[in-house]
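Here the structure comes first, spelled out in structure tokens, and everything after it is commentary.
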4 protein chains.
Amino acid sequence: MAQSKTAKQILDAAEALFAEQGFIETTMRQITYNANVNLAAINYHFGSKQGLIQSVAEQFLRPFSNYIDQALIERANMLDKSSVKMEELLELLMRALLRVDQENTHSLLMFTRLLELAYMKNQGELREFIIGRYGSKLKPFITLIRAQSALMEEDEFFWRLHFVMGSVIFTLSNFTMLSAIEKKKFNSEAEIERILHRMVPVLSAGMQARGDKLYFSRL
Amino acid sequence: MAQSKTAKQILDAAEALFAEQGFIETTMRQITYNANVNLAAINYHFGSKQGLIQSVAEQFLRPFSNYIDQALIERANMLDKSSVKMEELLELLMRALLRVDQENTHSLLMFTRLLELAYMKNQGELREFIIGRYGSKLKPFITLIRAQSALMEEDEFFWRLHFVMGSVIFTLSNFTMLSAIEKKKFNSEAEIERILHRMVPVLSAGMQARGDKLYFSRL
Amino acid sequence: MAQSKTAKQILDAAEALFAEQGFIETTMRQITYNANVNLAAINYHFGSKQGLIQSVAEQFLRPFSNYIDQALIERANMLDKSSVKMEELLELLMRALLRVDQENTHSLLMFTRLLELAYMKNQGELREFIIGRYGSKLKPFITLIRAQSALMEEDEFFWRLHFVMGSVIFTLSNFTMLSAIEKKKFNSEAEIERILHRMVPVLSAGMQARGDKLYFSRL
Amino acid sequence: MAQSKTAKQILDAAEALFAEQGFIETTMRQITYNANVNLAAINYHFGSKQGLIQSVAEQFLRPFSNYIDQALIERANMLDKSSVKMEELLELLMRALLRVDQENTHSLLMFTRLLELAYMKNQGELREFIIGRYGSKLKPFITLIRAQSALMEEDEFFWRLHFVMGSVIFTLSNFTMLSAIEKKKFNSEAEIERILHRMVPVLSAGMQARGDKLYFSRL
DNA sequence: AATGAATGAGGGTTCATTCAT
DNA sequence: AATGAATGAACCCTCATTCAT
């Protein structure tokens, strides 16, 4: 059997709490209390809180990365190369995110919080863990994105990619908050699928925009 | 009313530390040590850490809001209405940000961290404080943006605005980290002005993109 | 005023417990419970447990080192140089130890435990603290010892000094135990002064012994 | 009765770790990890950590005690009684120590740490175990030492013996540390044989010194 | 107005031991 | 005979806050 009952309970409780509150804000005592296990169990099974975070992360990243792989293969078979479009790529990405989230309720939020954390200082270890483990898997996907973007230097592409990622991370990270505002303002319930879909043309246009048209004078 | 010397020292030290590390990560010990005042002084002068954050926030928001006002007047004078373009609006915004930052070193980062915090749960008080105090001031500017965006429903616009804001907030919030990566990868030093400039065409294209072209099948 | 009441209470309680149980075996909870103060007070006043140990150490080392200094000056005035003898030097040392112990009940045992600790691995910080602070003060004394020892190489002297120190440290460190055995065996109460006195001729002879007379065959 | 393979592995691993780090500092996790057995195995086979320590002790004490026996016989044969000297006795002891150490790498250090532990409070059980088991075996040897020492009362002899033992125990117990210092200071590598040899004249002179020459005034 | 001192609550981690199989 | 899993107790430390002056 892959993992003990206790480890499973810890993972589930941790996932829910991490998703809701964030990693740092969630304490080991909360997790073990919710999981109905002993405080020391986290250290026994995962070594440390950081270790638990990595395990929770992996639980999402593995299937996500697999979905991306599989989708790219599918796409390669289904379509003739000439017709690949940026928006299709982004939708493929969004679909992968949604699928994983569907399988495991908190995945999408976890993904977001994870990236958030990975960009923090003092989190070099986590950063390297993620990049080392999954960085290479996403490369072909990124290459496709690059091919569909406007012509630009490498460093420009680097920054744009992060502009776009920032959009996704920020939006998902604050989704609860934002959809509450929307409800109050427009009385319409936001669905995560709808929001992700709304992103596609925006992000796509961003990556394809011709740059450097203007430059504001310094000061 | 002139604030005491101690309060001033606390505000200055807090601003620098908040900008560098974030609000939650900064401890009162660090602030009072840097400010060269007693640990209890923060509670004495500002009631609590939260109170200090609001004071620091206000210290930044006031001049920023003034700059935006002024910039809109500038724009009204400088350009004939027909030629107002989205990119010009965004550059105007960026310029306002940079100007404030120039006057008071940490402003730009503070702005970002403030927004970040405002979107958090349990920060309803801060959120209302900001919106109540400065929300209305930005309205005319947003109206101009809306006019230059692609035709869309109100709720679509609401979301797009947040996509774009997410980009800015995320990028600036993680600027230190990202520019470190860039340096390692491309051996080039990122300047904040350059990055803000790079954002302009991307954000602009995002706001102007025609939406709803595709919709990924559920699941 | 030099130090707060709480700090004083902590020092006293810590000293007693350290002397009785050793540094590592004594917990911060025991100390603060005995001192009747809050657990966090140690960290407030001394930064860490290690910091407390250093403070306790200093409380003994300062007067001890002063006594040695003063005694050496006295000796220099009182006696003509020709008559300085090893045993006098050692008695001077013992007297210094006893005096400090008399002033502050647990000093002698503390001294011992301190040296014990200083020789442990992972205690480089403490070692450097002691040497840096008091190493130089003891140099003149050690030079006199050297002058009265048998002729030998520097490294031989180094080792002999530690043989002799080992005697003192071990005996004092286990004094409670040893004197209990003595009582059981000889029904006589051991007094620390008497024991230190007993050491003098033994240590003296050890330092003055001519070395290298025999060498056991390897294996 | 042959002990199980697991028990053997535990004993070996424990011995090495105890010798290197000391009893208290060595954790059961370290032992079982190095022994490549389950954490619970120690409690299963030895009842408790304390039980393991006693087993390890016995494993060393048996051969050591045999060597001493044998050495005393050797001595009886080799030398005519008139010429027995203190230094020869001590060298004989050192040789026994070295021989055991040679057969079983960690013996010498174990011997030291064991004595160290035996002198601690709360270790009455271990103390009695050692004395009950091996105390009598050393008696003839101690009688010989007594005969070669200076004339003195029984209790004086008792203390001197412990002064001398303290020297040996302390030096060996801190040998790693001391030889590191020597290396740094004199750039010469200390060998355990050489150090033991260096002790011989020092200890010998200590035991033979005439006592009571002076008495420092009780301040 | 200001501060040194003190505190209660809570943080992650480590340990030897025991339980269930 | 052996072990993976689990645990209770205890560890040192950090935090924002409050008290007494």
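Proteins get letters first, then strands, A, B, ... in listed order; numbering begins at 1 in each.
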Item to check | Interface with DNA chain E, restricted to residues 28-53 of chain D and to heavy atoms under 4.0 Å | outcome: M28(D), R29(D), L39(D), A40(D), N43(D), S48(D), K49(D)
Checklist entry - Are T6(C) and dA6(E) close enough that a side-chain N or O sits under 4.0 Å from OP1 or OP2? => result yes
Checklist entry - Is any side-chain heavy atom of L61(A) less than 4.5 Å from a side-chain heavy atom of L114(A)? => result yes
Next on the checklist: Check the orientation of F111(B) and F60(B). Use parallel for under 30°, tilted for 30 to 60°, and perpendicular for over 60°.
Outcome noted: tilted
Checklist entry - Does any non-hydrogen side-chain atom of E116(B) lie less than 4.5 Å from one of E116(A)? => result no
Next on the checklist: Could you go through F18(A) and M110(A), starting from their C-alpha distance and side-chain angles, then the distance that decides it, and tell me whether this counts as side chain to side chain contact (heavy atoms under 4.5 Å, CB included)?
Outcome noted: CA-CA 7 Å; F18(A) 285 158; M110(A) 275 296 311; 3.7 Å; yes
Checklist entry - Any side-chain N or O of S4(A) less than 4.0 Å from the OP1 or OP2 oxygen of dA6(F)? => result yes
Item to check | Atom pair distance, as rounded to whole Å: CD in E25(A) and P in dC15(F) | outcome: 15 Å
Next on the checklist: The test is side chain to side chain contact (heavy atoms under 4.5 Å, CB included); show your working for I131(B) and R127(B) and say whether it passes.
Outcome noted: CA-CA 6 Å; I131(B) 295 174; R127(B) 199 155 46 240; 4.1 Å; yes
Checklist outcome for this item: To the nearest angstrom, the CD1-C1' distance between I10(C) and dT7(E) comes to 12 Å
Checklist entry - Taking C-beta and beyond as the side chain, do T32(C) and N38(C) meet within less than 4.5 Å on heavy atoms? => result no
Next on the checklist: So, using salt bridge (Lys or Arg N to Asp or Glu O under 4.0 Å) as the criterion, who are the partners of R133(C) when residues are at least two apart?
Outcome noted: E58(C)
Checklist entry - What pattern of brackets, bars and dots sums up DNA chain F from 5' to 3', given Watson-Crick or G-U wobble pairs under 3.5 Å, [ ] for crossing pairs and | for another strand? => result .||||||||||||||||||||
Item to check | Side-chain N or O of T27(A) closer than 4.0 Å to phosphate OP1/OP2 of dG11(E) | outcome: yes
Item to check | N43(C) backbone acceptor or donor facing K49(C) side chain under 3.5 Å | outcome: no
